[in-house]
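Quick notes on the structure that follows.
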Amino acid sequence: MSAITTEIFNQKLLEVILAHNKEFTERLIENSHNQTFFEITNNSEHGDLTTNFAMMHAKSLKMNPIKLAEILVDGFEKNKKELFIKDIKIAGPGFLNLYLDESFWHKTLVYIKSNLKGYGFENIGNGSKANVEYVSANPTGPLHIGHCRGAIIGDVIASLYGKMGFDVTREYYVNDAGGQIEQLVYSVESKYREKASINPNEQDITYDGQYINDIASELFEKYRDLLFEETNYNKIIKDCAISHILNLIKQDLNKVNIKHDIFFSEASLLANDEISKTMEYLKEKKYIYWGKLPLPKNQEDIDLEQREQDIFASTMFGDDIDRAVSKEDGSHTYFASDIAYHQNKISRGFSKLVNIWGADHAGYVKRLQGAVSALSDGQAGVDVVLCQLVRLFRDDKPVKMSKRNNDYVTIGEVVDEVGSDPVRFMMLYRKSDAPLDFDFVKVCDKSKENPVFYVQYAYARIHSVIRNWNDENNQDFISNFNRLEVDFNMLNHSQEIALIKKMSYFPVLLKNVVITNDVHRIAYYLHDLASDFHALWNLGNDNENMRFITSDDKKTLQRLAFIYLVSQIIETGLDLLGVSYPERM
RNA sequence: GGGGGCGUAGCUCAGUAGGAUAGAGCACCAGAUUCCUAAUCUGGGGGUCACAGGUUCAAAUCCUGUCGUCCUCACCA
């Protein structure tokens, strides 16, 4: 593939610098995780492409940055023509600015056209296995809106990784062991007793709500009042409750188009003895020791007693204190099963692990990363993406949620009210480590303050133009698009060129998002791209020559092909975000 | 008290892993539709990037401290 992209400038720069200093260049290639030197400018005074290379590396080359820039200029001067360079300038303290011929941007469109649906994606993963674990809410009740944010972010990260060459597994860790599940069983049992007119339990129940009632009914219908005749009635209740609730959760996730590949059971780790095996392994490695934890500071009012127990040395990995893996009764802690769970992931061959968590688990990050590092001798790592709270509003008034009274808004309720697209887009239209305010009224608003419709509208407008042209010419533009040969050489308005430059940033964006997991940037990019398109559209209102469909057939075809490519990037982006792209609105 | 997130325009927030004159939406003011979808666009005012130091040729961005705010804190999951 003889691709004409901004990549050729990065390669050229390496060539130039290699000729100047071989040893330095080899070191550079070895140590640098990213050999992108040129950035696309957003200020035309700085040319089309710019690099700060001379300033960045002047010191290690023991050179004056301007001198270094001059060497680069010499190197690029020699290939000016084939690199579409009109002018090269050194600016400021050592920026190297390239001014390109418009034909370069026209070639860029040809390149985008040849890739079409695959444009923007790069094989970074090279087939390696990635595991994205998200939602993982306890199966003790339906999902509330707070879970939704992490669910969507995880889903988009997984989609993106899949497109960038990773073999992705979307996983949900089901905490079907431990005290909260016992509470759930107890709550269901109490409801069942009511229905079966069996003498009631004495303690208050933790979980309540329609779903508890439904589970109890299910049990009553099956066993009438004879459930306790079954020797394993506790397990029967547990299995029934968990499968019922997981079904609710899956239904809700379905409403926002989220599907996991694997629901991994915590209880299965216990059943397969994986937890104790993993603990033994870490004891051998001396990462787990028998000892006492210090009492927590400033919590003297709590009556705590120090005792000896198994402790994971998470301070070796930057945690503040070491963490217990066994409880007083000898059973393992949640952390212990989580360590075993991650051992399981590693043994399944995943080289990339990503966990999406609520910000209330922030304090848990270091110990888990420490554990993964200990398990893999530093070979594996785990990315943890923390999501801050979602605050619900209705017309600027806060919507109260109380988990205790089961008085919270479920994902299903929200989606039923406003639809999947706005929910997904709004959840992605904020960086994950900042709190997010979600207003039912504003999210439904079909115009201002709602970026999702703004982006979709640009897409719909493009398809509207194409429909009009089809009708006038009695042809089908899109189905003939692959065969269409265009060189785009009549696109020379500054706003057209600016839009092409923005299109050529798309692959850079996706690459960065894979590295940082900042999926919100895809949403912002699409908004930005749509904005440029809308501006271009409106140019045609004032100036008939700037309309997409003109009296010049050749120009019209070029412009239609151009905006169709814009729509393809919007489509690719929205598809990654799991948002629809209707051709009519 | 320890740990972490956040602090950018009147409001809600972006800011491409340090770069050139800090951006967008909303709100406010003034305009654009006989014509491809006005769910759109154009122009205008609006900033000590919380504060103080430090590193650097270059800091909203990195480091230290202070203030404000939110989350979290032993064998809950």
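What you see below is based on every heavy atom in this structure, not just the backbone, and it leaves out hydrogens, waters and symmetry mates. Lettering of chains follows the sequences in order, A, B, ..., and the numbering in each one begins at 1. A quick note: this is a predicted structure, and the numbers were derived from the prediction, not measured.
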Item checked: C1' atoms of B/rC13 and B/rA22, separation to the nearest Å -> 14 Å
Next item on the list: Indicate yes or no: at least one non-hydrogen side-chain atom of A/F121 is less than 4.5 angstrom from one of A/L576.
Entry: yes
Next item on the list: Mind running a 4.0 Å heavy-atom check of residues 455-463 of chain A against RNA chain B and sending the residues that fall below it, in number order?
Entry: A/Y457, A/A460, A/R461
Checklist line | Closest listed nucleotide, where the reference is the side chain of A/Y505 and the choices are B/rU37, B/rU42, B/rU16 | finding: B/rU16
Notebook entry, point to check: On a whole-Å scale, what distance lies between the C1' atoms belonging to B/rA50 and B/rC67?
Noted result: 8 Å
Next item on the list: Check the distance between B/rC41's C1' and A/N538's CG and give it to me in whole angstrom.
Entry: 3 Å
Check: Any cation-pi pair here, A/K442 with A/F393, using under 6.0 Å and within 45°?
Finding: no
Notebook entry, point to check: Which is true for A/L509 with a 4.0 Å heavy-atom rule: it touches a base, it touches only sugar-phosphate, or it touches nothing?
Noted result: nothing
Notebook entry, point to check: Which residues satisfy the side chain to side chain contact (heavy atoms under 4.5 Å, CB included) test with A/A137, sequence neighbours excluded?
Noted result: A/V135, A/L143, A/H147, A/Y172
Next item on the list: If a pair satisfies side-chain hydrogen bond (donor to acceptor under 3.5 Å, both in side chains) and one of its residues is in residues 358-370 of chain A, list it, with sequence neighbours excluded.
Entry: A/D338-A/Y364
Notebook entry, point to check: Does atom CD of A/E544 have more than 12 heavy-atom neighbours from other groups under 6.0 Å away?
Noted result: no
Item checked: Distance, rounded to the nearest Å, where A/L536 contributes CG and B/rU37 contributes P -> 15 Å
Item checked: Distance, rounded to the nearest Å, where A/E544 contributes CD and B/rC36 contributes C1' -> 11 Å
Next item on the list: Mind calculating the distance between CZ (A/R547) and P (B/rU34) to the nearest angstrom?
Entry: 11 Å
Check: Does a side-chain N or O from A/Y525 land closer than 4.0 Å to OP1 or OP2 of B/rA24, or not?
Finding: no
Item checked: Pairwise C1' distance, B/rU33 and B/rG7 [rounded to whole Å] -> 43 Å
Check: Where the side chain of A/Y524 is concerned, which of B/rA14, B/rU37, B/rC75 is the nearest nucleotide?
Finding: B/rA14
Notebook entry, point to check: Atom CG of A/D439 and atom C1' of B/rG25: how far apart are they, to the nearest Å?
Noted result: 15 Å
Next item on the list: May I ask you to say what A/T516 touches in the nucleic acid, namely base, sugar-phosphate or nothing, with a heavy-atom cut-off under 4.0 Å?
Entry: nothing
Next item on the list: Show your reasoning for whether side chain to side chain contact (heavy atoms under 4.5 Å, CB included) applies to A/E133 and A/Y341.
Entry: CA-CA 11 Å; A/E133 182 209 324; A/Y341 174 43; 3.4 Å; yes
Check: Which part of the nucleic acid does A/N543 contact within heavy-atom distance under 4.0 Å: base, sugar-phosphate only, or nothing?
Finding: nothing
Check: Are A/I466 and A/E583 close enough that some pair of their side-chain heavy atoms sits under 4.5 Å apart?
Finding: no
Notebook entry, point to check: So, A/F95 and B/rA20: ring centres less than 5.5 Å apart, planes less than 30° off, yes or no?
Noted result: yes
Check: Can you find a side-chain donor-acceptor pair between A/Y161 and A/N517 that sits under 3.5 Å?
Finding: yes
Checklist line | d(CG, A/N52; P, B/rU61) in whole Å | finding: 18 Å
Checklist line | Distance between C1' atoms of B/rC11 and B/rA17 (Å, rounded) | finding: 30 Å
Margin query: At 4.0 Å (heavy atoms only), tell me whether A/P65 reaches a base, stays on the sugar-phosphate, or touches nothing.
Written below: nothing
Next item on the list: Pick the P atom in B/rG15 and in B/rA24, then give their distance to the nearest Å.
Entry: 15 Å
Next item on the list: Determine, for A/R430 against A/D437, whether the closest basic-nitrogen to carboxylate-oxygen distance falls under 4.0 angstrom.
Entry: no
Next item on the list: For B/rU61 and B/rA38, measure between their C1' atoms and round to the nearest Å.
Entry: 39 Å
Margin query: Quiz question: by atom type and distance under 3.5 Å, do the side chains of A/T550 and A/D552 form a donor-acceptor pair?
Written below: no
Check: Looking at the rings of A/F9 and A/F53, which for Trp means the six-membered one, are their centres under 6.0 Å apart?
Finding: no
Checklist line | First encountered from the 5' end of RNA chain B, between A/D542 and A/H534 | finding: A/D542
Margin query: If you compare every side-chain N and O of A/N468 against the phosphate oxygens of B/rU37 (OP1, OP2), does one of them come in below 4.0 Å?
Written below: yes
Check: Touch check for A/A91, heavy atoms < 4.0 angstrom, all strands: base, sugar-phosphate only, or nothing?
Finding: base
Next item on the list: Find the distance A/E328:CD to B/rC76:C1' and express it as a whole number of Å.
Entry: 15 Å
Check: Can you find a donor-acceptor pair, distance only, under 3.5 Å between A/T50 side chain and B/rA20 base?
Finding: yes
Checklist line | Rounded distance [0.5 Å steps], CG in A/L184 versus OH in A/Y207 | finding: 7.0 Å
Margin query: Quick check: any donor-acceptor pair below 3.5 Å linking the side-chain of A/N42 to the base of B/rU16?
Written below: yes
Notebook entry, point to check: Contact class for A/R521 vs. all strands (heavy atom < 4.0 Å): base, sugar-phosphate, or nothing?
Noted result: sugar-phosphate
Notebook entry, point to check: So what is the 5' to 3' dot-bracket string for RNA chain B, if pairs are Watson-Crick or G-U wobble with both distances under 3.5 Å, crossing pairs use [ ] and | means the partner sits on another strand?
Noted result: (((((((..((((.....[...)))).(((((.......))))).....(((((..]....))))))))))))....
Checklist line | Proximal nucleotide (of B/rC36, B/rC71, B/rC75) relative to the A/W537 side chain | finding: B/rC36
Check: Ring stacking, A/H46 with base of B/rA20, under 5.5 Å and under 30°?
Finding: yes
Next item on the list: May I ask you to say what A/D360 touches in the nucleic acid, namely base, sugar-phosphate or nothing, with a heavy-atom cut-off under 4.0 Å?
Entry: sugar-phosphate
Next item on the list: Could you state the atom-to-atom distance from CE of A/M426 to C1' of B/rC26 in whole Å?
Entry: 12 Å
Next item on the list: Among the candidates B/rC71, B/rC75, B/rU37, find the nucleotide nearest to the side-chain atoms of A/T333.
Entry: B/rC75
Next item on the list: Using the C1' atom on both, measure B/rG25 against B/rU66 and round to a whole Å.
Entry: 33 Å
Next item on the list: Would you classify A/G179 as touching base, sugar-phosphate or nothing, given that sugar-phosphate means primed atoms plus P, OP1 and OP2, and contacts are heavy atoms under 4.0 Å?
Entry: sugar-phosphate
Next item on the list: Could you pull out all residues at least two apart from A/Y334 that satisfy ring pair (Phe, Tyr, Trp, His ring centres under 6.0 Å)?
Entry: none
Notebook entry, point to check: Is the base of B/rA20 touched by the side chain of A/N97 through a donor-acceptor pair closer than 3.5 angstrom?
Noted result: yes
Next item on the list: Considering only atom P, compute the distance from B/rC49 to B/rA39 and round it to an integer number of Å.
Entry: 39 Å
Protein N or O to nucleotides 3-12 of chain B N or O, pairs below 3.5 Å:
{"residue": "B/rG5", "atom": "O2'", "partner": "A/D433", "partner atom": "O", "Å": "2.8"}

Check: So, A/F425 versus A/Y429, ring centres under 6.0 angstrom or not?
Finding: yes
Margin query: Tell me whether the NZ or CZ atom of A/R323 lies within the 45° cone about the ring axis of A/F312 and under 6.0 Å from its centre.
Written below: no
Next item on the list: Using a heavy-atom cut-off of under 4.0 Å over every strand shown, decide if A/S331 touches base, sugar-phosphate, or nothing.
Entry: nothing
Next item on the list: Assign A/H520 to base, sugar-phosphate, or nothing according to its heavy-atom contacts below 4.0 angstrom with the strands shown.
Entry: sugar-phosphate
Margin query: Quiz question: by atom type and distance under 3.5 Å, do the side chains of A/E571 and A/Y459 form a donor-acceptor pair?
Written below: yes
Next item on the list: Map A/Y334 and A/Q306 onto RNA chain B by nearest heavy atom, then report which one ends up closer to the 5' terminus.
Entry: A/Q306
